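Because the structure is predicted, anything quoted here is derived from the model rather than measured.
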Amino acid sequence: MRTGTSFARDWQLIKVARSLRRHDVAGPLVRRLLADAPPGLTEGITAIAGRLGEENGTTLLAHTEERFDPPTLMEGLLLTWGIPCQSVDDADDGAVTITIDGAAAALRETFADVRVAVPYLTGYVRALQPDAVLEAGDGGSMTIRFPSRGE
């Protein structure tokens, strides 16, 4: 704010700042690119999303303690992003399965498009545990299976 301005003007600026939502240009841009893109561009965008997910997953691993297990890291990450998920331990083989509701508004807010979410999360999951698998289901739902690490 400038010095020497009126209190009324300053108050209006504060009200505007509080009432406006975060300005997101990237989300609408990616949505339009994917909607209007030829197949080659769509594949390029999703490949970049996968690499970015893997880079971010590797960065997270570098900053965590060794005793954190990949399913817990992934579940914590999703919950931090506000994406509802459910984690289930398989008593038979020790695997952990995380189910993500693809219809959740938080998933749409975090990712511009499911076509970006799936490769990004796949890259992230593979960085956390290379033998883990993400499967996309109907309606944007996803299942991540972390096999037992045999520890």
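Residues D69 and T72 have side chains that bring a donor and an acceptor to within less than 3.5 angstrom of each other. If you check the side chains of Q129 and D131, you find a donor sitting under 3.5 Å from an acceptor.
Considering NE2 of H63 and CZ of F68, their distance stands at 14.0 Å, rounded to 0.5 Å. Here the SG-CG distance, from C85 to L79, works out to 4.0 Å after rounding to the nearest 0.5 Å. If you take CE on M142 and CD1 on I83, they are separated by 7.5 Å, rounding to the nearest 0.5 Å. Taking CG of L128 as the start and CG of L77 as the end, the distance is 8.0 Å to the nearest 0.5 Å. The CZ atom of F146 lies 14.5 Å from the CG atom of D90; values are rounded to the nearest 0.5 Å. Going from atom CD1 of I48 over to atom CD of E43 covers 12.0 Å, rounded to the nearest 0.5 Å.
Residue-environment remark: CZ (R126) stays at or below the threshold of 12 foreign heavy atoms within 6.0 Å.
Counting heavy atoms from C-beta on, the side chains of V30 and F111 never come closer than 4.5 Å. Two residues are said to be in side-chain contact when any heavy atoms from C-beta on lie closer than 4.5 Å; L121 and L78 meet this criterion. Using a 4.5 Å cut-off on side-chain heavy atoms (C-beta onward), T143 and L134 make no contact. With contacts defined as side-chain heavy-atom distances shorter than 4.5 Å, the pair L33/I45 qualifies. At least one side-chain heavy atom of Y124 sits less than 4.5 Å from a side-chain heavy atom of M74.
Of the charged side-chain nitrogens involved, none lies within less than 4.0 Å of a carboxylate oxygen, so that R32 and D113 do not count as a salt-bridged pair.
For the pairing with V96, the side chain to side chain contact (heavy atoms under 4.5 Å, CB included) check across P70, S87, S148, P147 returns one residue only, S87.
There is a path of hydrophobic side-chain contacts, each under 4.5 Å, that joins L61 to W81. When hydrophobic clusters are built by joining Ile, Leu, Val, Met, Phe, Trp and Tyr residues whose side-chain heavy atoms come closer than 4.5 Å, directly or via intermediates, V88 is not grouped with I98.
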When you look at I144 and V133, which way does the side chain to side chain contact (heavy atoms under 4.5 Å, CB included) test go after all the steps? CA-CA 6 Å; I144 305 169; V133 177; over 6 Å; no

